[in-house]
Every structure is written in structure tokens, then in C-alpha cells.
Amino acid sequence: MAGLFISFEGVDGVGKTTQVGRLRDYALSLGYDVVVTREPGGTPLGRALRRLLLHGVPSGADGDAAAAPQPAPAADIAPRAEALIFAADRAQHVAEKIRPALERGAVVITDRYLDSSLAYQAGGRELTPAEIRNLSLWATDNLLPERTYLLDMDPSQSHERLTHSADRMEAAGDDFQKRTRRAFLDLAQAEPERFLVVDAARSVEEVWRTIRADVDAVLARRTVSSSDTGRTPGDAGPAGTVGGAR
């Protein structure tokens, strides 16, 4: 059987990291080879790009050795440049880590993927969604997750959960965060066969029970259909909205 590709999406603070860990442990308990990764920063190149994306370019990075590098303002990366950096990270991520794992039959779980670019760059940064999507699909050779869990929550509530200093994305303002959330929900509405929208305002255990039940259904469906249909990663199964998500 080909590997299973799962992504988690949502604004910051909704609990993606916690649920990624729960799913990793559960898949391991079922005997699967599991690879957990993230974007940006899933590879050595990606980690270098992640520092640029989340913390800006040091103001002393122009070759002036005498100047002590200082964090640059959030606007130092132009929207198109930002989109290209995300695409470069994703291209390397897929080539180096995701696709090889899927080809050996692993369950690959990523904290953010293509949909974050669509929501943050197209929704939050006001770039053209078609341009962002085409760029990301080109970078990944059209690889999409079989299931995407969108953990949905009001950004004003989710950001109260953050325990670290805000990065460039987190500090972009309330309007940006609201547009980003709306963009995520629009993506889920457009692809209900791939997305499952989960109300992340509920408890960790309630959210996990919803995800586990859906994962069980996905795995059962693949077991039944794999010998007949030759299903590959990126094919979609039925999905919906549960747990009171909007």
C-alpha cells in the first residue's frame, strides 16, 4: 500500500502540535512507519528559510561586518518574495522528506503544508490565490495530502494560548489573522473531500477523539480499496465538518 499523507492546518495557537503528536503516537501503536514534519523548516534548507520567514532578515546582513545584526521589520520581505521562499521550502521538503517516505509506505504527518500558503499569502497577504496555488503545486509536483485537518478557532482566542514571543506571522495584526482564518475555511469549503474542519475551541481530548475516529475510517477505507483501485497519496476520501466548527 502507498503511504498516507496527512496535514494539519489552522491559525497559530489552535493546538496543531498537540494533535500531530497524538496522531503520531496512535499510528505508531498500530504498527505504521511514521514521519512527522513541518513547514516551514522540515529540512536543513527549510530551517534556514524558516528563520528568514518568521524572524526577518538581520539588518546587518548587507555585508557590513561592523554592524551588529538586528531584527528587520516585518515588511522587509515583499509578498511575492515571501511566497517564493515558502515554495522553495516546500519543494525541498517534498523532494527530500515527504515523497521518499510515502514511496516506502509511511504515514507522513505535516504541521502545515500548501494550504497555509494559500491562507496566509493569498488570504492574509492579499496575493492572488491562483498564483499561490499554481506556484505550490509546481513546487511539489502536484502532491496533495489525502486528509487535511483544519483546526478552527477564533484567532483572538487561539493567540491567548501562545507562550512564546510573536513571530512575523503572529504579529501581523487582528485583521490579518481574521482574513487568514476565513481563507482556511473557504479552502475547506471548496475541497470537502480532503478537509475535515474540527472545532479547536473544544478540549484536547474532544478534538483528538474526532481526529482519531476519522483516521480510523480513512485507514479502513484504504485497506478495503487499495487492492482494487491502486489508490495513491493525494487521492481524497469523504470528509465533512464536525464538532460545531463553522
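Because the structure is a prediction, the values reported are computed rather than measured.
In this structure the side chain of T148 never reaches within 4.5 angstrom of the side chain of L196, judged on heavy atoms. Y120 is not listed as a side-chain neighbour of F86, based on a closest heavy-atom distance of 4.5 Å or more. Contact of the I98 side chain with the L143 side chain is registered, since non-hydrogen atoms from C-beta on lie closer than 4.5 Å. At least one side-chain heavy atom of F195 sits under 4.5 Å from a side-chain heavy atom of L187. Between F184 and D152, every side-chain heavy-atom pair lies at or beyond the 4.5 Å cut-off. Under the 4.5 Å side-chain criterion, counting only non-hydrogen atoms from C-beta, E146 is not in contact with I6. No side-chain heavy atom of I132 sits less than 4.5 Å from a side-chain heavy atom of T128. Side-chain contact between R147 and L4 is absent, with no heavy-atom pair separated by less than 4.5 Å.
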Problem - Audit row: T210, R202, side chain to side chain donor-acceptor pair (under 3.5 Å) steps and yes/no - result: CA-CA 11 Å; T210 296; R202 298 178 299 156; 3.1 Å; yes
Exercise for the section: Verify side chain to side chain donor-acceptor pair (under 3.5 Å) between S203 and E206, making sure each step is shown before the conclusion. Expected result: CA-CA 5 Å; S203 71; E206 289 176 308; 3.2 Å; yes
Problem - side-chain contact (heavy atoms from CB on, under 4.5 Å) between R212 and L23, worked out - result: CA-CA 7 Å; R212 183 180 63 189; L23 181 53; over 6 Å; no
Problem - Residues T37, I109; criterion side-chain contact (heavy atoms from CB on, under 4.5 Å); working and verdict - result: CA-CA 6 Å; T37 188; I109 307 166; over 6 Å; no
Practice task
Determine, step by step, whether K16 and V14 satisfy the side-chain contact (heavy atoms from CB on, under 4.5 Å) criterion, reporting the C-alpha distance in whole Å, the side-chain angles of both residues, the deciding distance to 0.1 Å, and the verdict.
Solution key: CA-CA 6 Å; K16 295 186 305 300; V14 294; 3.7 Å; yes
Problem - Stepwise side-chain contact (heavy atoms from CB on, under 4.5 Å) check, R24 with L28 - result: CA-CA 6 Å; R24 174 201 61 210; L28 285 170; 4.0 Å; yes
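We find the CG-OG1 distance between D12 and T17 to be 9.0 Å, quoted to the nearest 0.5 Å. To the nearest 0.5 Å, atom NZ of residue K97 and atom OG1 of residue T43 are 8.0 Å apart. Rounding to the nearest 0.5 angstrom, the gap separating the CZ atom in R99 from the CG atom in L102 is 8.0 Å. Distance check, rounded to the nearest 0.5 Å: OG of S117 to CD of E131 gives 13.5 Å.
Annotation: Y113 is in aromatic contact with F5 [ring centroid separation under 6.0 Å].
The backbone N or O of I85 sits nowhere less than 3.5 Å from a side-chain atom of D89 that would complete a donor-acceptor pair. In terms of modelled atom types and a separation under 3.5 Å, the side chain of E9 and the main chain of D111 share no donor-acceptor contact.
Among R112, R47, R50, R90, the single residue meeting the salt bridge (charged side-chain N to carboxylate O under 4.0 Å, His left out) criterion with E39 is R90.
No continuous path of hydrophobic side-chain contacts links L52 to L135 [ILVMFWY only; heavy atoms under 4.5 Å]. Under the 4.5 Å side-chain heavy-atom criterion for ILVMFWY residues, a single connected hydrophobic cluster contains both V34 and L30.
The aromatic rings of Y149 and F8 lie tilted to each other, with the angle between the two planes from 30° to 60°.
A pairwise comparison of heavy atoms in A139 and A87 identifies CB-O, 3.6 Å as the closest pair. Contact record, V207 with A200: CG2-CA, 4.1 Å, taken as the closest heavy-atom pair. Of all the heavy atoms in R181 and P155, the pair that sits closest is CD-CD, 3.8 Å.
Between D175 and R179 there is no salt bridge, since none of the side-chain N atoms of the basic residue sits less than 4.0 Å from a carboxylate O of the acidic one. For D216 and R221, the salt-bridge test fails: no basic side-chain N is under 4.0 Å from an acidic carboxylate O. The pair R133-E191 counts as a salt bridge, with a side-chain nitrogen and a carboxylate oxygen less than 4.0 angstrom apart.
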